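In what follows, a structure is listed as structure tokens, so that the remarks can point back to it.
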Amino acid sequence: MALVALLTGQHARMPGPDEAFHFLDIGSGRGFTALVMAVANPGWTVTGIDFNPAHLAEAREMAARAGIRNCRFIEADLAQFDDAELPEVDAASLHGVWTWVSDAVRAGILRLLERRLAPGGLCHVSYNLLPGWGGMVGLQRLVRETGLRLADRADRQVERGFEVVRHLFGPLGEATDERTRAMLQMLADKPSAYLAHEFMNADWRPCFHADVAAAFSKAGLSYVGSSHALDSIAEVTLPPAALEMARKFSDSAMTELIKDVTLGRPLRHDIYVRGGSRIAMVARDDILRGLTLGLALPHSQRRLGIPTPMGEIGMNPAFYEPVFARLAQGVASVEELLSLARPSGASPASDNPAELAALLVGTGQAVLVPAPGRAMTAPARALNGIMFASQAAGTAMTETVAFAVPALGGGFKMPAAGALAVLRQQERSESAVEGASLSLPDRDTIERWAAEAMGDRPEMRAALAIGMESFLRDSRSTLEALGIRC
């Protein structure tokens, strides 16, 4: 959130993991986000608020099992929540909440942010987006009404509802319009619990960005930008005709509307600030130069092409190849990366820390490393094992799961097969001699891990063993640089 704010010219605080800081997770569910933030930032106070007592009980149990003491969970109906005893909040997030709750709960969320979010505090909000979900509004109602009549449990209701959709429009929605068909294809492999959350909710209403921004402005929060860093670069995001039209308007609301209508995306992740202020570019660039980055993927998987609606835009290889080569050796400051190469052509990145950070982080090839060298802690390892067992249940080993990483001050996503391999390697490291290098596991060890995970399913065991072996081989040095010993 702070990086996005800086890239768009706003003052933003980047707290260290041992500083006093209060992070609020609104709609915390089973507690994954709140617990990851707490265990990765031991100096912070993290609060999760949710209305579901079963989810809160699970979150509290995970915190106790992992030994996490700086995170608490509050059961509350946000429509009526009395926040008098909640300390001032420095940053907040609400993911998977806004589109799915009633007007009374939305009003309660805004009241909470207005009363408790500190001046200059940042807030992340995600929501299902119009017009991207426009073609699905009728189908959502059809799924919900059908399910309520044919089944008694939410997961079964959504399954019965989609049976009707497939009967009417074909297995992949062949008889619908192009965008609705794409949405149905995207949802085809989602688990029933996810689909029930999306389709069986009576309050589900996708939103236009401008309407969300207007609601937040009434609570004193103004729009900063998208959490996807590249979205701040209109030349990368928009096709030529849309870019030309967006430049005719001076307000961001029109730019965002043109973007949403043109691209038809189903989801937004937006950043807001309460009482923000502008920062001088010289001061902003000084902060950006001091940031530390690490590779988020193996060096061999780097890519210099950025896909855009106009085709692929190339990153200057004369500058970025040395940057990637340096990051392959370990984390580095933006200042050091900027000094590595001065291409013969006029490369804006050679003197522009904002472009460097936006491109590397925005393409998912680098991550911020606020606490370089910080090792994985016992509570973080414990939480990762607990979360993996919960997330991987019924999940394909190619799906991603979350991993808490203290050096990153938060979470890191990896395929479930890779996460399992890392967890098993870290178990081996606990019994290794202090300071000794950890060798890659042999084939017999990996096959034993796969057998323990998959039981009497030989084909899945073989596929999992291959996935774990290749992940450790390709990603090990990258993960070690981020503080993930494996």
Side-chain angles (χ1 to χ4, degrees), residues 1-9 12 14 225-237 281-308 310-374 405 407-414 471 473-484 486:
M1 289 193 282
L3 177 61
V4 168
L6 289 168
L7 291 175
T8 55
M14 282 197 174
S226 166
S227 67
H228 299 291
L230 288 184
D231 273 5
S232 64
I233 308 175
E235 291 79 4
V236 172
T237 308
M281 290 300 99
V282 172
R284 187 278 304 267
D285 287 353
D286 283 344
I287 296 172
L288 293 177
R289 287 190 179 94
L291 299 179
T292 300
L293 300 180
L295 277 185
L297 42 73
H299 179 256
S300 61
Q301 297 177 18
R302 71 194 182 284
R303 58 192 184 280
L304 297 179
I306 305 171
T308 76
M310 303 86 71
E312 194 168 80
I313 295 178
M315 297 163 63
N316 187 335
F319 180 82
Y320 282 100
E321 283 292 13
V323 165
F324 281 117
R326 170 61 187 85
L327 289 174
Q329 300 171 14
V331 300
S333 70
V334 170
E335 176 67 31
E336 180 184 353
L337 296 175
L338 286 169
S339 69
L340 285 175
R342 300 292 180 185
S344 56
S347 170
S350 63
D351 296 299
N352 189 341
E355 182 185 291
L356 177 72
L359 288 181
L360 290 179
V361 176
T363 57
Q365 300 187 88
V367 290
L368 291 174
V369 187
R374 179 162 291 212
V405 186
L408 303 184
F412 187 78
K413 287 185 177 181
M414 61 181 79
F471 182 83
R473 182 186 62 246
D474 297 339
S475 302
R476 190 182 187 205
S477 62
T478 301
L479 298 178
E480 293 269 1
L482 301 180
I484 307 172
C486 58

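Keep in mind it's a predicted model, so treat the numbers as computed, not measured.
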Sub-4.5 Å side-chain heavy-atom contact between [X] and [Y]:
| X | Y | answer |
| --- | --- | --- |
| Val361 | Leu230 | no |
| Tyr320 | Arg302 | no |
| Ile306 | Met315 | yes |
| Arg326 | Leu293 | no |

Give me the atom names and distance for the closest heavy-atom approach of [X] to [Y].
| X | Y | value |
| --- | --- | --- |
| Pro372 | Val331 | CB-CG2, 4.0 Å |
| Met281 | Gly9 | CE-CA, 3.8 Å |
| Ala407 | Val369 | O-CG1, 3.5 Å |
| Pro317 | Leu304 | CB-CD1, 3.7 Å |
| Gly294 | Leu482 | CA-CD2, 4.0 Å |
| Leu337 | Val323 | O-CG2, 3.7 Å |

Can Met14 and Leu291 be said to form a side chain to side chain contact (heavy atoms under 4.5 Å, CB included), step by step? CA-CA 10 Å; Met14 282 197 174; Leu291 299 179; 3.4 Å; yes
Can you tell me how far [atom2] of [Y] sits from [atom1] of [X], rounded to the nearest 0.5 angstrom?
| X | Y | atom1 | atom2 | answer |
| --- | --- | --- | --- | --- |
| His299 | Asp474 | NE2 | CG | 13.5 Å |
| Arg289 | Asn352 | CZ | CG | 8.5 Å |
| Leu295 | Leu327 | CG | CG | 4.5 Å |
| Arg284 | Asp286 | CZ | CG | 10.5 Å |
| Asn316 | Glu321 | CG | CD | 10.0 Å |
| Leu408 | Thr292 | CG | OG1 | 11.5 Å |

Is it true that a side-chain atom of Ser475 and a backbone atom of Thr478 form a donor plus acceptor pair closer than 3.5 Å? no
Step by step, work out the side chain to side chain contact (heavy atoms under 4.5 Å, CB included) result for Asp231 and Val236. CA-CA 7 Å; Asp231 273 5; Val236 172; over 6 Å; no
Residues Gln365, Phe324; criterion side chain to side chain contact (heavy atoms under 4.5 Å, CB included); working and verdict: CA-CA 9 Å; Gln365 300 187 88; Phe324 281 117; 3.6 Å; yes
Between Phe319 and Leu338, is a side chain to side chain contact (heavy atoms under 4.5 Å, CB included) present by the stated rule, with each step listed? CA-CA 8 Å; Phe319 180 82; Leu338 286 169; 4.1 Å; yes
